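Everything on this sheet refers to the single structure shown next.
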Amino acid sequence: MEPIITRFPPSPSGYLHIGGARTALFNWLYAKKTKGKFILRIEDTDAARSTTESVQAILDSLEWLGIDWDEGPYFQSQRAPIHAEYIEKLVACGAAYYCSCTPDEVDAMREAAKACGKKPMYNGKCRDRHLEKGPDTVVRLRTPDTGVTVVEDIVKGNVAFQNAEMDDFILQRSDGSAMYNLAVVVDDLTMGINTIIRGDDHLINTPKQMLIYQALNAAVPVFGHVPMVLGSDKSRLSKRHGAMSVGEYQKMGFLPDAVINYLVRLGWSHGDQEFFTRQDLIEKFDLEHLGRSASMFDMDKLMALNARHIQSKSPEDLAAFLLPHLQDLQLTAEDNVFTHGVIQTLAPRSKTLVEMAQAARFYYQDTIEFDEKAAAKFLTPDTMGILQHSAKGIRALDTYTEASLEDIFKKIMDDSKLGFGKIAQPIRVAITGTTVSPGIFEMLLVLGKEKTVCRIDAAVKWIQEQA
RNA sequence: GGUCCCAUCGUCUAGCGGUCAGGACGCUGGCCUCUCACGCCGGAAACCCGGGUUCGAUUCCCGGUGGGAUCACCA
């Protein structure tokens with residue numbers, strides 16, 4: 001059994017698109033799963049649109065997602081000599097020929113064909129003229145006029161195309177550069193790629209590529225065309241549907257594992273399982289369970305999955321991902337015990353790392369600003385006594401533990417005949433400035449005795465100043 | 001328009017001739033509870049339509065409808 005060799009060939013005309021990330025993922029997973037090889041190839045033949053910044057952005061995104069490659073990145077633009085060599089071979093064996101028709105002439109042919117109610121195609125004028133290479137000649141493939149080319153697609157099944165529908169398409173431009181279909185085939189062939197998973201927008205040029213393989217007397221790879229990811233209105237994903245680039249998801253506070261999990265589930269399934277670790281995916285991914293219909297991107301579901309991945313990770317692992325988001329909020333935090341504690345209290349209640357960073361704010365601030373409504377309700381002369389008592393009790397503690405804190409609260413409850421909530425809320429506001437936070441005890445424990453007392457004192461002082 | 005692909009709750013999907021059509025997100029009723037979450041228990045919610053094939057179709061075939069892709073000296 002030959003090893004599976006897959007590839008991902010982005011064209012660097014922008015960031016890494018979320019849909020592109022998904023096809024990269026499918027190829028990567030399949031290679032991993034089968035212990036094959038995954039090759040990265042940058043298709044930068046379109047010099048006008050390709051930039052080195054885009055190349056870097058794509059590489060960065062792949063790295064962030066944790067998609068690594070066994071070979072490459074290769075650059076298609078550097079392979080022009082190889083493309084030319086294969087084109088010559090094709091001409092030499094008669095499978096392709098030079099054509100001197102100008103673009104205008106070809107346009108006219110198309111118009112003429114359309115006028116007769118036929119499909120606009122090049123009419124094969126130079127097919128048998130046996131032209132030599134000239135300054136303005138292109139190379140065209142001699143495509144069969146009859147018969148069918150059948151794509152044996154692993155997700156779509158057999159798809160038949162009438163050869164008569166295909167005209168003699170261009171392999172090499174008049175400037176000597178290779179056209180897409182020729183370049184991909186030659187690259188895939190020379191790189192030994194035998195499995196191609198790509199978006200089904202490519203299904204239509206697959207027969208053309210097969211014809212090139214056949215003309216080259218080469219084995220056709222296995223094709224799998226996965227449906228595209230659509231926006232919320234079922235149209236092709238675009239800016240107005242929200243974030244499209246992988247980098248944006250990083251900024252929004254998603255974990256790469258969650259993005260991967262979500263993307264793979266969009267078009268692939270493993271029974272009822274929704275949550276997958278990276279390792280699960282590598283073990284369980286297969287081509288048999290790829291879906292055939294297009295799917296819509298659902299941010300809510302990504303969020304939910306992200307929350308689950310946050311919950312499943314250790315504070316240590318999470319810290320590395322959270323730190324940059326804390327920095328975005330001008331919060332200075334280190335990957336230390338305190339931050340791990342912070343994360344522990346916040347992880348079960350955060351859907352994204354951005355949310356977590358915002359919720360973590362109070363832990364790192366020296367002075368707490370009280371939310372107006374929260375203060376009006378819970379920092380009042382009525383609650384001042386509770387705050388004073390708890391500050392006094394906590395200050396006197398030798399051992400600062402959940403149990404000892406609980407004792408203090410119990411005592412205040414007994415003395416004041418108030419329920420736990422009546423005591424917890426004022427303290428919560430004193431500590432965080434708001435009415436929403438992690439549990440009182442876990443929070444106070446993480447914060448530490450000093451800061452806890454200090455903040456309660458500050459709240460008391462604030463109440464006195466209001467009066 | 002030609003060619004090609006697709007069609008199960010609002011969304012992602014399981015299903016591979018006989019199921020009370022299952023799960024997840026979202027929505028929603030309740031429980032838990034120091035707030036918010038988490039968690040737990042329950043609910044509403046789908047087989048696009050019409051023909052066949054079959055004892056029996058969500059499932060197989062054909063047609064329709066709808067959606068998508070693609071028709072370059074772009075990739």
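Proteins get letters first, then strands, A, B, ... in listed order; numbering begins at 1 in each. Predicted model only: the values in this text are computed from it and were never measured.
- Ion pairing between A/D187 and A/R7 fails under the 4.0 Å rule for side-chain N and carboxylate O.
- Nucleic acid contact for A/C101: base, since at least one base atom lies under 4.0 Å from a heavy atom of the residue.
- Residues A/D175 and A/Y262 both approach RNA chain B. Their nearest nucleotides, taken by heavy-atom distance, put A/Y262 toward the 5′ side.
- Of the P atoms belonging to B/G42 and B/C9, the separation is 24 Å, rounded to the nearest Å.
- Nucleotides B/G22 and B/U59, compared at atom C1', are 15 Å apart to the nearest Å.
- In this structure, B/A7 forms a base pair with B/U65, meeting either the Watson-Crick or the G-U wobble geometry with both donor-acceptor distances under 3.5 Å.
- A/F161 comes within 4.0 angstrom of the backbone, heavy atoms only, and of no base.
- Separating the CG atom of A/D300 from the C1' atom of B/G26 is a distance of 6 Å, rounded to the nearest angstrom.
- Counting any heavy atom pair closer than 4.0 Å across all strands shown, A/E274 reaches a base atom.
- Among the protein residues, A/P9 comes within range of no part of the nucleic acid, since none of its heavy atoms lies under 4.0 Å from any strand.
- Contacts of A/V138 with the nucleic acid, taken as non-hydrogen atoms under 4.0 Å apart, include base atoms.
- Taking atom C1' in both B/G39 and B/A75, the straight-line distance is 49 Å, to the nearest Å.
- A/N205 comes within 4.0 angstrom of a base, heavy atoms only.
- Closest to the side chain of A/H289, out of B/A75, B/G15, B/U35, is B/G15.
- With hydrogens and angles left out, the side chain of A/S437 and the base of B/C36 share no donor-acceptor pair within 3.5 Å.
- Counting non-hydrogen atoms under 4.0 angstrom, A/G439 reaches a base of the nucleic acid.
- In the set B/G23, B/C38, B/G15, the nucleotide with an atom closest to the side chain of A/R265 is B/G23.
- No donor-acceptor contact under 3.5 Å links the side chain of A/K156 to the base of B/C5.
- Dense packing is recorded around NE2 of A/H202, with more than 12 heavy atoms of other residues, nucleotides or ligands lying under 6.0 Å away.
- For B/G29, the paired base is B/C41 (Watson-Crick or G-U wobble, both distances below 3.5 Å).
- Here the nucleotide nearest the side chain of A/V159, chosen from B/A69, B/C4, B/C34, is B/C4.
- Within 4.0 Å (heavy atoms only), A/R110 reaches sugar-phosphate atoms of the nucleic acid but no base atom.
- Using P as the reference atom, B/C12 and B/G68 are 14 Å apart when rounded to the nearest Å.
- With respect to A/R41 and A/D188, a salt bridge is recorded, a charged nitrogen being found less than 4.0 Å from a carboxylate O.
- No close placement of the A/F285 and A/H270 rings is indicated, their centers lying 6.0 Å or farther apart.
- The partner of B/U70 is B/G2, by the rule that a Watson-Crick or G-U pair needs both atom distances under 3.5 Å.
- As a whole-Å value, the separation of A/M299 CE from B/G10 P is 22 Å.
- Nearest-nucleotide positions on RNA chain B place A/P438 closer to the 5' end than the other of A/P438 and A/P120.
- The side chain of A/A304 has B/C25 as its nearest neighbour among B/C25, B/C5, B/C6.
- Listed nucleotides B/C25, B/A75, B/U11 differ in distance to A/M296; the shortest reach to its side chain belongs to B/U11.
- In this entry the distance linking CZ of A/R198 with C1' of B/A75 reads 11 Å, nearest Å.
- Taking the P atom of each, B/C5 and B/C62 are spaced 11 Å apart, rounded to whole Å.
- Among the nucleotides B/U35, B/C12, B/C73, the one closest to the side chain of A/I170 is B/C73.
- In this structure, A/L266 reaches the sugar-phosphate backbone alone: every heavy-atom distance under 4.0 Å involves primed, P, OP1 or OP2 atoms, never a base.
- Salt bridge A/E43/A/R198: absent, no basic N to carboxylate O contact under 4.0 Å.
- B/U3 and B/U28: their P atoms are spaced 47 Å apart (whole Å).
- Partner assigned to B/U58 is none, using Watson-Crick or G-U wobble distances below 3.5 angstrom.
- The listed nucleotides are B/A75, B/U35, B/C25; the one nearest the side chain of A/Y180 is B/A75.
- Protein atom NE2 of A/H202 is 12 Å distant from nucleotide atom P of B/A75, rounded to whole Å.
- Residue contacts shown for A/L203 are limited to sugar-phosphate atoms, with no base heavy atom under 4.0 Å away.
- As rounded to whole Å, 16 Å separates atom C1' of B/G10 from atom CG of A/L230.
- The interatomic distance linking A/F275 (CZ) with B/C25 (C1') rounds to 15 Å, in whole Å.
- Between A/Y15 and A/Y249, the ring centre distance reaches or exceeds 6.0 Å.
- Listed pair A/S174 / B/C73 fails the phosphate criterion, with no side-chain N or O lying under 4.0 Å from OP1 or OP2.
- At a threshold of 4.0 angstrom between heavy atoms, the contacts of A/S295 are confined to the sugar-phosphate backbone, with no base atom among them.
- Counting heavy atoms from C-beta outward, A/H389 and A/S416 have side chains that stay 4.5 Å or more apart.
- For A/R349 against B/C36, a side-chain-to-base donor-acceptor contact under 3.5 Å is present.
- Contact annotation for A/Q273: no contact, since no heavy-atom pair falls under 4.0 Å across all strands.
- We find that A/E274 and A/R308 are not joined by a salt bridge, their nearest charged nitrogen and carboxylate oxygen being 4.0 Å or further apart.
- Base contact: A/P103 has a heavy atom under 4.0 Å from a base atom.
- Here B/C25 is the nucleotide among B/A69, B/G2, B/C25 with the atom lying nearest to any side-chain atom of A/D298.
- Geometric assessment of A/K208 against the ring of A/F169 yields a positive cation-pi assignment under the 6.0 Å and 45° thresholds.
- Across B/C38, B/C12, B/U35, the shortest atom-to-atom separation from the side chain of A/Q425 is found for B/U35.
- Going from atom CG of A/N181 over to atom P of B/C73 covers 12 Å, rounded to whole Å.
- Ranking B/G23, B/C36, B/A75 by closeness to the A/D272 side chain, first place goes to B/G23.
- Comparing the C1' positions of B/C34 and B/C38 gives a spacing of 15 Å, expressed to the nearest Å.
- Rounded to a whole angstrom, the distance from the C1' atom of B/C27 to that of B/G50 is 34 Å.
- B/U53 is unpaired under the criterion used here, namely a Watson-Crick or G-U wobble arrangement in which both key atom distances are under 3.5 Å.
- A close approach under 4.0 Å does not occur between any side-chain nitrogen or oxygen of A/R292 and OP1 or OP2 of B/G67.
- When heavy atoms are screened at a 4.0 angstrom cut-off, A/Q172 is found touching no nucleic acid atom at all.
- Using a 4.0 Å cut-off between charged nitrogen and carboxylate oxygen, A/K411 and A/D415 count as a salt-bridge pair.
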